[in-house]
Engineer: 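I have a structure I would like to understand better, so I am pasting it below and will then ask my questions one at a time.
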Amino acid sequence: MSVQAGDPLEPFYFEHEEQEICGKLVPPITESFQEDYPTVVDRFFTRYYYFKGDAPYQVLYHSNRICLICLAPEHPALAQGISSVNFDIGNVDRSQNVVKGKGKKGGMILQAESTLALLTTANGGTYKVPSCIRGKLVEVNTAIVEEPKLLEQLPEGAGYFAILLPKIENCDAIKASLLTQEQYEERLKTKNEGLPQIESTEDHTQNKNKEVLA
């Protein structure tokens, strides 16, 4: 690694020193660097999607049931520029949510269509960010209130709106109500080609509920 003269971090740069174990030289750790190493999302989460109108949202579903609610990469607000995020939605302030203990007692119970936050864009547009799933609100990401641009800058999963925890018995139904990565890409392809679109996530959920009631 080239080091500039007078670099104050020079003492901390990695310098490989040959080591031998059982008669074999130990290669430097820089040789094991994998540029395309899977991301945290790739390794630990499953991607699902929810549409509110034409605006897509991403649900990152962890194996322990924790769900991160995010903007999908194709959400129009990202192209328009994000101006502000507010968890005070009028009748309640989601940022005042408080949970206690391992059971996350006291958290607000939200439905998929419940408004989680209000997002405004640089051109004056407003989006009501939905909860996307039915579950208990564990926490909201107040950092994006202070710096809304983080939603445009942070890597996938880091710029989440909130963490929700669904009940175990509801998990299968929740997954079935959302779009998989493949279904999401197919919907985007259909939209871009100007073909009749498949039903929205909201319609999909309502139809599933009707089937259950029937």
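Nothing fancy with the numbering, it's 1 onward along the sequence.
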Engineer: Verify, without hydrogens or angle tests, whether Ser131 (side chain) and Ser114 (backbone) share a donor-acceptor contact under 3.5 angstrom.
Structural biologist: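 Confirmed, Ser131 side chain pairs with Ser114 backbone.
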
Engineer: Quick one: closest heavy-atom pair of Gly159 and Leu151, and the distance?
Structural biologist: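 So the two residues come closest at O-CD2, 3.2 Å.
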
Engineer: In Å and rounded to the nearest 0.5 Å, what is the CG to CE distance from Asp93 to Met108?
Structural biologist: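 Output value for this atom pair is 7.0 Å.
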
Engineer: Rounded at 0.5 Å granularity, tell me how far CD in Glu146 sits from OG in Ser84.
Structural biologist: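 One gets 13.5 Å once the value is rounded to the nearest 0.5 Å.
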
Engineer: Among residues two or more places apart or on two chains, list those pairs meeting salt bridge (Lys or Arg N to Asp or Glu O under 4.0 Å) that have a residue in residues 129-145.
Structural biologist: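 Listed by first then second residue: nothing to list.
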
Engineer: Calculate, to the nearest 0.5 Å, the distance between atoms CG and OG1 belonging to Leu110 and Thr115 respectively.
Structural biologist: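 Going from CG on Leu110 over to OG1 on Thr115, the span is 10.0 Å.
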
Engineer: Please identify each residue that fulfils side chain to side chain contact (heavy atoms under 4.5 Å, CB included) with Asn123, with sequence neighbours left out.
Structural biologist: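 Asn123 satisfies side chain to side chain contact (heavy atoms under 4.5 Å, CB included) with Gln80, Thr121 only.
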
Engineer: Please check if the side chain of Gln183 supplies one atom and the backbone of Thr180 the other of a donor-acceptor pair under 3.5 Å.
Structural biologist: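 Yes; judged by distance alone, with no hydrogens or angles, the pair exists.
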
Engineer: Closest approach of Lys128 and Leu118, non-hydrogen atoms and distance?
Structural biologist: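 Smallest interatomic distance, heavy atoms only, reads CG-CD2, 3.8 Å.
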
Engineer: Could you tell me whether a side-chain N or O of Arg94 sits under 3.5 Å from a main-chain N or O of Phe87, the two making a donor and an acceptor?
Structural biologist: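 The answer is no, because no donor-acceptor pair under 3.5 Å joins these two groups.
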
Engineer: I would like to know whether Cys171 and Tyr61 meet side chain to side chain contact (heavy atoms under 4.5 Å, CB included); could you show each step before the answer?
Structural biologist: CA-CA 10 Å; Cys171 287; Tyr61 200 107; 2.8 Å; yes

Engineer: Is any side-chain heavy atom of Pro73 closer than 4.5 Å to a side-chain heavy atom of Pro56?
Structural biologist: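 Side-chain contact under 4.5 Å: no.
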
Engineer: Answer yes if Val92 and Val129 sit in the same cluster of Ile, Leu, Val, Met, Phe, Trp and Tyr residues linked by side chain heavy atoms under 4.5 Å apart, and no otherwise.
Structural biologist: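 Linked, Val92 and Val129 end up in one cluster.
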
Engineer: Which residues end up grouped with Tyr160 if you chain together Ile, Leu, Val, Met, Phe, Trp and Tyr wherever their side-chain heavy atoms are less than 4.5 Å apart?
Structural biologist: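 Other cluster members: Val40, Val41, Phe44, Phe45, Leu60, Ile66, Leu68, Val138, Ile163, Leu165.
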
Engineer: Heavy atoms only: give me the nearest Val85-Ala117 pair and the separation to one decimal.
Structural biologist: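 Looks like CG1-CB, 4.4 Å.
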
Engineer: Are Arg65 and Ile168 packed together at the side-chain level, in the sense that at least one heavy-atom pair is separated by less than 4.5 angstrom?
Structural biologist: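 With C-beta onward as the side chain, the pair touches.
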
Engineer: Can you check side chain to side chain contact (heavy atoms under 4.5 Å, CB included) on Val59 and Ile69, steps first, answer last?
Structural biologist: CA-CA 5 Å; Val59 179; Ile69 311 303; 4.1 Å; yes

Engineer: Counting only heavy atoms not in Gln153, do more than 12 sit closer than 6.0 Å to its CD atom?
Structural biologist: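 Yes - once you tally the heavy atoms of other residues, nucleotides and ligands closer than 6.0 Å, there are more than 12.
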
Engineer: NZ of Lys24 to CD of Glu20: how many Å apart, nearest 0.5 Å?
Structural biologist: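 If I round to the nearest 0.5 Å, the distance is 11.0 Å.
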
Engineer: Say whether, by atom type as modelled, one donor and one acceptor occur between the side chain of Arg43 and the main chain of Pro38 under 3.5 angstrom.
Structural biologist: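 It does hold such a pair.
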
Engineer: Given a cutoff of under 4.5 Å between side-chain heavy atoms of I, L, V, M, F, W and Y, with clusters grown through shared members, what are the other residues clustered with Ile21?
Structural biologist: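 Ile21 shares its hydrophobic cluster with Val26.
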
Engineer: Does a side-chain heavy-atom distance below 4.5 Å link Phe161 with Leu119?
Structural biologist: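 With C-beta onward as the side chain, the pair touches.
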
Engineer: Please give me the minimum heavy-atom distance between Cys70 and Gly157, naming the atom from each residue.
Structural biologist: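 That would be SG-CA, 4.4 Å.
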
Engineer: Provide the full list of side chain to side chain donor-acceptor pair (under 3.5 Å) pairs with a residue in residues 161-174, sequence neighbours left out, each pair given once.
Structural biologist: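 Every pair satisfying side chain to side chain donor-acceptor pair (under 3.5 Å) with a residue in residues 161-174: there are none.
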
Engineer: So, for Val99 and Leu137, which heavy atoms are closest and what is the spacing to 0.1 Å?
Structural biologist: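 Looking at all heavy atoms of both residues, the shortest contact is CG1-O, 3.5 Å.
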
Engineer: Under the criterion side chain to side chain contact (heavy atoms under 4.5 Å, CB included), I'd like the reasoning laid out for Tyr48 against Leu179: C-alpha separation, chi angles, the key distance, then a yes or no.
Structural biologist: CA-CA 6 Å; Tyr48 289 98; Leu179 299 181; over 6 Å; no

Engineer: Rounded to the nearest 0.5 Å, how far does CG of Leu178 lie from OH of Tyr49?
Structural biologist: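 Going from OH on Tyr49 over to CG on Leu178, the span is 11.0 Å.
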
Engineer: I'd like to check the ring pair (Phe, Tyr, Trp, His ring centres under 6.0 Å) partners of Tyr57; sequence neighbours left out, ordered by chain and number.
Structural biologist: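 By the ring pair (Phe, Tyr, Trp, His ring centres under 6.0 Å) rule, Tyr57 matches His75.
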
Engineer: Which heavy atom of Ser83 sits nearest to which heavy atom of Ala122, and what is that distance?
Structural biologist: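 Taking Ser83 first and Ala122 second, the nearest heavy atoms are CB-N, 4.0 Å.
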
Engineer: Inspect the surroundings of CD in Gln19 and state if more than 12 heavy atoms from other residues, nucleotides or ligands are less than 6.0 Å away.
Structural biologist: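 Atom CD in Gln19 is not crowded, with 12 or fewer foreign heavy atoms closer than 6.0 Å.
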
Engineer: Can you confirm whether the side chains of Ser95 and Thr142 place a donor and an acceptor under 3.5 Å from each other?
Structural biologist: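 Not at all, the side chains of Ser95 and Thr142 share no donor-acceptor pair under 3.5 Å.
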
Engineer: State plainly whether the residues Glu156 and Arg47 are in salt-bridge range, i.e. N to O under 4.0 Å.
Structural biologist: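 A salt bridge is present here (some side-chain N lies under 4.0 Å from a carboxylate O).
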
Engineer: So does Gly107 get a backbone contact from the side chain of Asn97, meaning a donor-acceptor N/O pair under 3.5 Å?
Structural biologist: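 Pair absent, no side-chain N/O of Asn97 close to backbone of Gly107.
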
Engineer: Which value, rounded to the nearest 0.5 Å, describes the distance between Cys67 atom SG and Lys175 atom NZ?
Structural biologist: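 If I round to the nearest 0.5 Å, the distance is 8.5 Å.
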
Engineer: Take Glu74 and Tyr184, measure what side-chain hydrogen bond (donor to acceptor under 3.5 Å, both in side chains) needs, and give me the verdict at the end.
Structural biologist: CA-CA 11 Å; Glu74 291 75 18; Tyr184 175 66; 2.5 Å; yes

Engineer: Taking atom CD as the centre, does Gln111 end up with more than 12 heavy-atom neighbours from other residues, nucleotides or ligands that are less than 6.0 angstrom away?
Structural biologist: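 More than 12 heavy atoms, drawn from other residues, nucleotides or ligands, come within 6.0 Å of this atom.
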
